[in-house]
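The next block holds one structure in the form of structure tokens; read it before the comments.
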Amino acid sequence: MCGIVGYVGVMEAGPVILDSLSKLEYRGYDSAGIAVRNDETGEFTLVKAKGRLQELINKTDGGMALKGTCGIGHTRWATHGEPSELNAHPHHSDDMNVVGVHNGIIENFQELKDKLTRKGYKFYSDTDTEVAIKLIDYYYKKYLGTPVDAINHSLVRIRGSYALAIMFKDYPGEIYVARKDSPLIVGVSDKGSFLGSDVPAILKYTRTVYYIDNLQLGRLTKDGVTFYNLDGDEVQMEPVTVDWDAESAEKGGFEHFMMKEIHEQPKAVTDTLNMYIHDGVIDLSQTGLNDEKLKNYKRLYIVACGSAYHVGVAARYAIEKLTHIPVEVDIASEFRYRDPILEKDSLVIIISQSGETADSLAALRLAKDRGIDTLAIVNVVGSSIAREADHVMYTYVGPEIAVATTKAYSCQLINMYLIGVRLAELKGMIDSGQTEKYIAALYKLPSQIQDIIKDKERLQWFASQISNQQDMFFIGRGLDYAIGLEGSLKMKEISYIHSEAYAAGELKHGTISLIDKGTLVIGIATQDELYEKMLSNMVEVKSRGAYLMGITCRGNYNIENAVDFAVYIPKTEEIFATSLAIIPLQLLAYYVSVARGTDVDKPRNLAKSVTVE
Ligand code: AGP
């Protein structure tokens with residue numbers, strides 16, 4: 001996600017803003033920008049730079065080239081519009097009456113852009129932010145009110161998430177802020193008022209901060225901050241003293257980015273769903289895949305690596321059940337060398353968080369060389385795979401810092417579910433009632449994920465019991481086998497314990513010889529029709545001495561007759577069970593890694609993006 005900062009006070013704003021932006025670099029970004037108002041002339045100076053923040057620092061002589069004590073800054077993680085100087089923030093009205101920065105996603109930006117275009121506005125960028133800024137300008141001029149009025153008029157029309165910092169030509173020495181769902185804090189000191197997307201941005205200047213509530217506004221001046229509600233009435237806020245050090249502040253108070261990102265999954269899933277479901281209808285048009293095209297695909301090929309591949313394995317079960325069209329799943333490094341037979345009227349789906357994985361990019365190019373339609377499911381706007389695929393369906397999780405993927409994996413699943421349900425609907429395999437049922441189940445997932453995370457201490461305890469294991473087995477049938485694949489990879493890659501996922505029905509064909517007294521086996525049983533068979537597989541390994549953990553849905557309490565430790569997940573549509581069953585496995589891997597003292601966020605030998613073969 002983007003980072004916003006701002007300052008107004010007695011110091012030169014430029015250097016403060018650049019310093020605050022540097023504290024948000026860990027969040028990942030592709031461009032940056034700054035706007036400072038000249039105290040004498042009242043004019044705004046805007047400078048933007050694509051790439052690293054150092055570019056902006058060089059362009060502005062460390063911020064000293066921008067004279068003035070009031071300004072805002074931004075690091076951009078592109079969601080709408082390629083990474084470029086033009087799309088970088090701050091954005092402004094054409095007469096520079098309103099200048100602002102934004103972190104979040106304006107879901108109805110196209111509708112608002114069309115409205116403003118009808119009112120004579122022109123647009124220089126592809127961003128949703130420029131639309132928001134010009135909407136505020138429009139209401140400021142239409143109602144001739146205060147900045148608070150103009151912002152309030154805009155907020156009631158904007159759908160989505162936002163943290164905004166805005167300056168108005170007619171109001172020198174003032175910065176206005178507003179937020180909904182995106183983080184925003186304000187700090188005060190004797191040097192002035194500060195704002196940032198996250199505590200690290202302002203920690204150097206003050207530990208006295210205000211956490212702005214949803215749909216609340218703030219007016220920052222050198223003497224302090226005033227808060228308002230949506231009606232424009234002043235509201236009182238209590239300051240909080242931050243006692244974090246800088247490093248823990250970057251992780252939002254969590255010990256590791258991985259745990260922070262596990263906790264971000266409910267919001268990431270909500271943001272991703274909101275991008276593709278409008279008024280109860282799954283709308284994939286922004287990917288460029290129209291309904292006619294989608295409806296005509298007779299086969300899907302899913303190609304990816306690592307956890308993204310595991311998304312494909314889980315998605316295959318879900319999509320085949322929904323659509324009855326065949327779905328093949330390949331590891332990208334295998335696909336590109338097996339000279340695959342690709343049917344026409346099919347779609348190759350490349351899943352990649354980074355959008356830069358060499359094997360996945362090669363697989364994409366192979367599919368394109370064969371004249372097969374390609375769809376990329378990626379998290380990074382402007383990445384190689386995003387640029388080269390015929391169609392792109394982004395996940396909206398913001399930058400994922402930990403090498404072990406969690407929130408990106410979860411939202412890749414969401415995108416695949418949406419494709420499956422939409423395809424099934426277009427092919428007449430499900431009716432509107434069933435579609436509604438699936439959409440309702442999807443919207444319940446975030447709160448159910450939150451529910452599971454709340455119970456994390458039980459997994460922390462169990463992790464302490466198993467952290468000295470030498471081997472672990474994750475067993476499941478059908479979709480539960482796919483879940484086991486990802487649970488095993490999470491465990492391996494951050495705890496360094498050897499583990500493998502195995503189709504439970506296949507154990508007796510050899511691997512069960514490895515089960516010895518105390519061998520840890522994690523049985524996953526979320527699929528009703530396979531539950532009894534899974535139970536007997538668990539009893540099988542238990543009778544050979546295994547130490548058994550079981551994951552199943554609430555209600556299946558008879559599992560406790562077989563296992564040593566049971567974990568329950570809320571009931572959901574069975575094809576969506578992966579999204580819930582994976583959460584305890586992410587947490588278990590995390591806690592085992594912490595117990596073993598391995599580097600959770602940067603495991604040995606691994607990179608966040610594998611750009612080599
Ligand atoms: C997952 O935790 C790993 N970091 C790794 O398997 C990763 O999923 C794989 O390298 C694919 O990366 P991508 O999604 O960026 O293509």
Side-chain angles (χ1 to χ4, degrees), residues 28 256-262 264-265 268 272 302-315 329-336 348-365 374-389 392-416 474 482-497 499-501 578 582-583 585-590 592-593 598-613:
H256 300 98
F257 280 113
M258 183 177 175
M259 186 54 107
K260 179 182 177 198
E261 289 158 4
I262 287 173
E264 286 174 345
Q265 290 181 113
T272 300
I302 303 173
V303 189
C305 300
S307 293
Y309 166 72
H310 298 152
V311 167
V313 179
V329 192
D330 272 275
I331 290 172
S333 55
E334 291 296 305
F335 180 81
R336 64 185 292 202
V348 170
I349 301 175
I350 305 290
I351 306 176
S352 175
Q353 184 281 131
S354 63
E356 299 298 345
T357 299
D359 288 319
S360 306
L361 181 57
L364 169 67
R365 289 171 177 165
T374 56
L375 167 70
I377 293 187
V378 295
N379 192 46
V380 182
V381 174
S383 57
S384 304
I385 291 173
R387 282 200 312 274
E388 296 191 26
V392 185
M393 184 177 185
Y394 286 110
T395 50
Y396 290 88
V397 308
E400 188 175 64
I401 312 294
V403 166
T405 181
T406 49
K407 61 179 183 173
Y409 168 88
S410 287
C411 291
Q412 289 162 358
L413 279 174
I414 294 297
N415 280 10
M416 295 308 287
F474 293 74
I483 297 167
L485 285 170
E486 177 58 10
S488 172
L489 178 61
K490 284 281 108 24
M491 185 62 75
K492 274 185 279 200
E493 66 177 327
I494 64 175
S495 75
Y496 312 155
I497 293 176
S499 81
E500 54 187 296
T578 308
I582 197 59
I583 304 300
L585 297 179
Q586 292 171 346
L587 290 164
L588 188 64
Y590 171 81
V592 170
S593 167
T598 53
D599 186 338
V600 176
D601 288 331
K602 297 188 181 67
R604 68 186 180 200
N605 310 337
L606 296 181
K608 185 61 185 168
S609 173
V610 184
T611 55
V612 295
E613 278 207 40

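Numbers here are sequence positions counted from 1. This structure is a prediction, so every number in the text was calculated from the model and none was measured. We count ligands from 1, going down the list as the structure has it; atoms in each ligand are counted the same way.
Listed by chain and number, the residues in a ring-ring contact (aromatic ring centres under 6.0 Å, His included) with Tyr409 amount to none (sequence neighbours excluded). Residues meeting the side-chain hydrogen bond (donor to acceptor under 3.5 Å, both in side chains) test with Glu400, sequence neighbours left out: Thr405, Lys608. Not a single ring-ring contact (aromatic ring centres under 6.0 Å, His included) links Tyr309 to another residue, sequence neighbours left out.
For the pair Lys407 (side chain) and Val397 (backbone), a donor-acceptor distance under 3.5 Å is present.
For ligand 1, the 4.0 Å heavy-atom shell contains residues Cys305, Gly306, Ser307, Ala308, Ser352, Gln353, Ser354, Thr357, Val403, Ala404, Thr405, Leu489, Lys490, Glu493, Val610.
A salt bridge does not link Arg604 to Asp599: none of the charged side-chain nitrogens sits closer than 4.0 Å to a carboxylate oxygen.
Residues Glu356 and Ser383 bring no donor and acceptor atom of their side chains to less than 3.5 Å of each other.
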